[in-house]
Amino acid sequence: MITTDLFGASQAPRRDEPLGDGAVVLRGFALAEESALLQAVSAIVAQAPFRHLVTPGGLRMSVAMTNAGPRGWVSDRRGYRYDPIDPDSGQPWPPLPPACMRLAVAAAARAGFPGFVPDACLLNRYEPGTRLSLHQDRDERDLGLPIVSVSLGIPAVFLFGGLRRTDPVQRVPLTHGDVVVWGGAARLRFHGVLPLKPNHHAALGECRINLSFRRAG
Ligand code: SIN
Ligand code: FE2
C-alpha cells in the first residue's frame, strides 16, 4: 500500500520530551552523526586539549573544557568571556566540523528555533565523580537564542531548574546521543550535572563528553 510509504517517515515515533516552554530533550538525536561527532572530538582535542579552567574566585573547575568554532568560552581570574583565541596555544580554536554544525542547526530547528546558527561549541569532559554546579549560561549576546547540548559517552543526570537558583530542579538522565535544547523562555534556567557514577562507554571509556553549541556574538 502506498500509504505506508507515504506516511512511514512522518509516523516514526518522536521521542521528544518537553521540559517546559522553550526546552526539550531529543532522545538519541545525535546518533545520526555519531561517528562524525566522535571524529570531531578527537580532532578538536588534538589541537586544543582539555584543560581545567580557574573560576574568577580562583577555584579549579572539576569539569575539563575546550572549545571549537570562532569563539570559545574561557574563565580565569579576570572573569568569564568568549575569546577567539585559545589562551593555551595563542591560536584560534579549532573549526567546527560541518557535520556538527548541521546537527546543532537541525536539533535547534526541531526544538522550535529555526535559523539558529552557532558560532561557539564548548566541550566539557566529565569523569566519574565530576560534577557541574547549578549555573545560568549568560555570557552570550542574545539570551533568547538556544543552547544545543549533545551528550556523548557514559550516562549523567542533568539538573534542570528554574529561573531562580532556589527553584525546584528536574533530574533528567542523559545517555550517549541525547540532545537537550533550551532557549526563549527557558534560556536562563539554572542547570547543572550531578557527580557522575563510574561507568564505561564503548567509544569513550570512563568518560562523558558534552558539546554545547551556542551563538555567542
Ligand atoms: C553546560 O551547562 O555547559 C553543560 C551541561 C552538560 O554537560 O550537560
Ligand atoms: Fe551551562
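Counting starts at 1 for both ligands and their atoms, in listed order.
- Listed by atom number, the atoms of ligand 1 under 4.0 Å from N124 heavy atoms are 1 (C), 3 (O), 4 (C).
- With respect to the Fe ion (ligand 2), D137 has OD1 as its nearest N, O or S atom.
- Taking a cut-off of under 4.0 Å to the non-hydrogen atoms of Y126, the atoms of ligand 1 that pass are 4 (C), 5 (C), 6 (C), 7 (O).
- Taking both residues in full, the closest heavy atoms of R77 and P56 are given as NE-O, 3.4 Å, listed atom of the first, atom of the second, then distance.
- Every atom of ligand 1 is numbered from 1 in the order shown, and the set under 4.0 Å from a heavy atom of R214 is 3 (O).
- Atom 8 (O) of ligand 1 has its closest protein heavy atom at R208 NH2, 2.9 Å.
- Only the side chain of L132 comes within 4.0 Å of ligand 1, judged by heavy-atom distances.
- Remark: Q91 CD to Q47 CD distance equals 8.5 Å, nearest 0.5 Å.
- Set against the non-hydrogen atoms of H191, the atoms of ligand 1 under 4.0 Å away are 2 (O).
- Cluster partners of L159 are L134, V157, V169, F190, L194, counting Ile, Leu, Val, Met, Phe, Trp and Tyr whose side-chain heavy atoms approach within less than 4.5 Å, directly or via other members.
- Distances between N or O atoms of D137 and those of ligand 1 include no value under 3.5 Å.
- L174 forms part of a hydrophobic cluster together with L19, V25, L53, M61, V63, M65, W73, Y80, Y82, L122, Y126, L132, I147, I154, F158, F160, V172, V180, W182, V193, L196, judged by ILVMFWY side-chain heavy-atom separations under 4.5 Å.
- Between A99 and E33 the shortest heavy-atom distance is CB-OE1, 3.7 Å.
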Let's go through E34 and L152 carefully: what are the C-alpha distance in whole Å and the side-chain angles of both, what is the deciding distance for side-chain contact (heavy atoms from CB on, under 4.5 Å) to 0.1 Å, and is it a yes or a no? CA-CA 9 Å; E34 179 182 23; L152 298 175; 5.6 Å; no

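- For the residue pair S151 and R208, a side-chain donor N or O sits within less than 3.5 Å of a side-chain acceptor on the partner.
- Below 3.5 Å of separation, one finds no N or O of W182 facing any N or O of ligand 1.
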